[in-house]
Amino acid sequence: MDTNQYLEVFIDESNEHLQSCSESLLVLEQNPDNIEIVNDIFRNAHTLKGMSATMGFEDIADLTHKMENVLDAIRNHKIQVTAELLDVVFESVDHLEEMVSDISNGGDGKKDVTQTVEKLKRLESGESIENIETVVAAALSETVTEVAESKLIFDDFEQTVLEQSMEQGFSAYEINISLREDCLLKAARVYMVFEILEKLGEVIKSTPTVEKLEEEKFDTDFSVAFVTKENQDDLKQKLMKVSEVDVVNVQPVQLKKMEMPSDVVEKKVEEVAAVETPKPTPTKATPTKTEAPKTVKNNNSSKTIRVNIERLDILMNLFEELVIDRGRLQSISMELNHNELNDTVERMTRVSGDLQNIILNMRMVPVETVFNRFPKMVRQLSRDLKKKINLEIIGAETELDRTVIDEIGDPLVHLIRNALDHGIESPEERLAAGKPETGSVELRAYHSGNHVFIEIEDDGAGIDRERVLQKAISKGVVTEEASHSMTDNQINELILASGFSTAEVISDVSGRGVGLDVVKSTIESLGGSISIESEHGKGSLFSIQLPLTLSIISVMLVEIEKEVYAVPLSSIIETSIIKRSDILNAHNQKVIDFRGKVVPLVFLDEIFEVPREDREDDGFLSVVLVRKGDRIAGLVVDSFIGQQEIVLKSLGNYLTNVFAISGATILGNGQVALIVDCNALIK
């Protein structure tokens, strides 16, 4: 069976099921007696097992099956939920995530999980968790139980499934069923038999095949290989209750291996895996002639489709070209001043604006795709650090462009690890300081204008202002004289300097400040900014501001001589006309007084070395006031052209390190305008 065409769907759906398992396990840890949560995890694991077997990823199917057995024992009240038990299940989910990730990177999804499997088997049998580690090594050397031969003949895959099932304490039966000669709805009776069997265990093989049973291409007899923990006699009695069933014969299977061509084995893999798919979804293993009402439910799936992100990128690139041509048409329309052309261009502008919103919304992804990984990470780190920490997530439904989502994950991981390691104190220190022993970390996301803000706030020790200043002065980051005039927030942001750290001991988790320069540079490369507020002994707040999208942005076009530059509106506070006589000098820097605040001036003609022609000085300057965090600067230009939406284009591989330029765009008249990187100009 060629499964490559389904590989992408398999990877996406597997990740969804594993994420759901992780979330439910965290909830289960807080509510260990809630069997409904266990059922949810079991259903996700069961579906993943069936999908993996169908695709031929037997290692994933096997590990999931072992995990499923433990979950089944929990919901049948044979074992209790404990933190140690959940550690093993979390370990299994981690292995499964790694195996799926390996497949998505072109691997085969194989991984040595022998020890985890043995732990799961011991847990299922009810052994004490404290003794598991000591017996794992010995158990790994145990030989596989010999099994007798059976009348049915099984291929390699089916034999492996039966052997492993019996190793785990299941009974494997060959069930021969005869329907009455006058049976009118044979497929319906077969369906009823399968329905009973699926509640009691799993069907491994059927003769005739499932397709033939569905199509009623058999006389009155059929056989199935079945694994269960039910008693042989009880199983027979339950099957005999199905109407028009004449004879039921249940006996233990005897394995008799038969070599088969590889293509036949692949077909069998598909057939057996289909049997393992959960009952609510019609599969080959469950005859569905009597299931007509269920098709209504399945029709809901047609409302959404999966689209490869590369296709959306291509669509976005094509639309960007359309935006450029739209600007060109608007320019021509203004020059010609033709009524019909003006009306057509205006309508095209409205329609393309709607199209732009649709395309941008298609690319928007909830930040929960990033946030989802953090609860499990916080749980594990809090156990490693021997701290009690509660993570609260707010606004996970907030949406961001997929490009931004892909880049923001690692900086957030680093900030949260820092908050846990050096932000939150130990339970003893918190109690001594009059705080509750459980620390709190809050992760928030929300929209504001054309930006998304992500905030990480903890109620830990905060940033020690004096220690930061001493370290900064000793490293030469700031001078002692300059430090006296710095605000608290400016001092806090010193920890974002390259290589800066106040940690006495660098732990395996993270030292606060180590690598935060990388966090800062990553966020700024996305057109965003990061600010820090902290109160010593009370906690810290890291606030990240990000643009909604990176491709189409609103800018203010400005002119210097005959060159046009674009300043992103997201950085602009306001524009102003000032007198040259208002310019002051402070520490060899030209500044102005802007509403009581000293603002340095940046002359763009000097920064970009624009050649000047002799021109008459009228004594006035045009200034664009821009912000980076709580710092402000004035960009001096010749004139303002106006606001416009532009397409951000890369400068290519040869112009990667141009100072204060983040890209370029093509204007309506065909002229290229460079986009100013305000963050690089504000110090």
Side-chain angles (χ1 to χ4, degrees), residues 35-36 38-47 49-50 53 61 64-79 121 124-126 147 150 152 154 158 161-179 187-207 210 213-214 221-255 271-288 290-291 294:
I35 298 302
E36 196 54 45
V38 180
N39 289 334
D40 288 340
I41 303 170
F42 184 90
R43 282 191 288 270
N44 280 290
H46 192 77
T47 304
K49 179 183 68 174
T64 314
H65 189 68
K66 302 294 192 302
M67 187 175 81
E68 194 179 57
N69 292 339
V70 173
L71 296 169
D72 192 47
I74 295 171
R75 65 181 187 171
N76 289 324
H77 305 288
K78 294 179 180 178
I79 56 177
K121 289 167 65 177
E124 182 196 356
S125 62
V147 290
S150 167
L152 287 173
F154 302 100
E158 291 160 349
V161 172
L162 289 167
E163 287 176 344
Q164 292 177 349
S165 298
M166 288 188 281
E167 286 175 12
Q168 295 160 17
F170 286 82
S171 299
Y173 297 117
E174 177 184 341
I175 306 174
N176 300 301
I177 299 172
S178 297
L179 301 177
R189 301 311 172 197
V190 172
Y191 171 76
M192 294 171 71
V193 168
F194 273 71
E195 189 177 45
I196 291 174
L197 293 176
E198 286 184 358
K199 291 178 180 178
L200 303 176
E202 288 188 8
V203 176
I204 304 302
K205 182 184 181 71
S206 69
T207 304
V210 175
L213 291 174
E214 284 184 327
D221 301 330
F222 63 98
S223 303
V224 294
F226 184 64
V227 293
T228 182
K229 289 192 174 179
E230 281 286 307
N231 178 276
Q232 183 172 339
D233 294 330
D234 292 343
L235 184 59
K236 181 176 180 178
Q237 288 178 10
K238 290 177 181 178
L239 292 175
M240 283 298 296
K241 290 181 180 179
V242 176
S243 300
E244 298 183 298
V245 167
D246 192 19
V247 177
V248 175
N249 182 27
V250 181
Q251 61 183 11
V253 298
Q254 296 183 6
L255 296 179
E271 183 179 313
V272 174
V275 171
E276 295 181 351
T277 306
K279 176 182 168 294
T281 303
T283 67
K284 290 183 178 180
T286 307
T288 56
T290 61
E291 285 191 284
K294 295 189 180 181

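In this chain, numbering begins with 1 at the start of the sequence shown. Just the heavy atoms: all of them, side chains too, but no hydrogens, waters or symmetry mates, feed the values below.
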Item to check | Working for side-chain contact (heavy atoms from CB on, under 4.5 Å), residues Lys205 and Leu162 | outcome: CA-CA 10 Å; Lys205 182 184 181 71; Leu162 289 167; over 6 Å; no
Checklist entry - For Gln168, which residues count as a side-chain contact (heavy atoms from CB on, under 4.5 Å) partner, sequence neighbours excluded? => result His65, Lys66, Asn69, Glu124, Gln164, Phe170
Checklist entry - What residues form a side chain to side chain donor-acceptor pair (under 3.5 Å) with Asp234, not counting sequence neighbours? => result none
Checklist entry - Closest heavy-atom contact between Glu68 and Ala45? => result OE2-C, 4.2 Å
Checklist outcome for this item: Scanning both residues in full, the closest heavy-atom pair of Val247 with Met240 reads C-SD, 4.3 Å
Next on the checklist: Contact between Leu179 and Val245 at the side-chain level, heavy atoms closer than 4.5 Å - yes or no?
Outcome noted: yes
Checklist entry - Which pairs, with at least one residue in residues 241-250 and sequence neighbours excluded, count as a salt bridge (charged side-chain N to carboxylate O under 4.0 Å, His left out)? => result Arg189-Glu244
Checklist entry - Below 4.5 Å, heavy atoms only, C-beta onward: do Ile74 and Phe42 meet side chain to side chain? => result no
Item to check | Heavy-atom pair of closest approach, residues Ser206 and Phe194 | outcome: CB-CZ, 4.3 Å
Next on the checklist: My understanding is that only residues two or more places apart in sequence, or in another chain, count here; which of them pass side-chain contact (heavy atoms from CB on, under 4.5 Å) with Asp221?
Outcome noted: Ser178
Next on the checklist: Please give me the minimum heavy-atom distance between Ala187 and Glu214, naming the atom from each residue.
Outcome noted: CB-O, 3.8 Å
Checklist entry - Taking all atoms of both residues into account, what is the closest heavy-atom pair of Ala61 and Ala53, and its distance? => result CB-N, 4.0 Å
Next on the checklist: As an exercise, state the distance from OG1 of Thr207 to CG of Asn176, rounded to the nearest 0.5 Å.
Outcome noted: 9.5 Å
Item to check | N/O donor-acceptor pair under 3.5 Å between Asn231 side chain and Asp233 backbone | outcome: yes
Checklist entry - By side chain to side chain donor-acceptor pair (under 3.5 Å), which residues pair with Asn39, not counting sequence neighbours? => result Arg75
Next on the checklist: Between Leu197 and Thr228, is there a side-chain heavy-atom distance shorter than 4.5 Å?
Outcome noted: no
Item to check | Heavy-atom pair with the smallest gap, counting every atom of Val253 and Glu174 | outcome: CG1-N, 3.3 Å
Checklist outcome for this item: One should read off an interatomic distance between Leu200 CG and Glu195 CD, to the nearest 0.5 angstrom, of 11.0 Å
Checklist entry - Just wondering, do Val248 and Val242 contact through their side chains at under 4.5 Å, heavy atoms? => result no
Item to check | Sequence-distant partners of Lys238, side chain to side chain donor-acceptor pair (under 3.5 Å), two or more places apart | outcome: Glu230
Next on the checklist: Val193 vs Val224, test: side-chain contact (heavy atoms from CB on, under 4.5 Å). Steps then yes/no.
Outcome noted: CA-CA 10 Å; Val193 168; Val224 294; over 6 Å; no
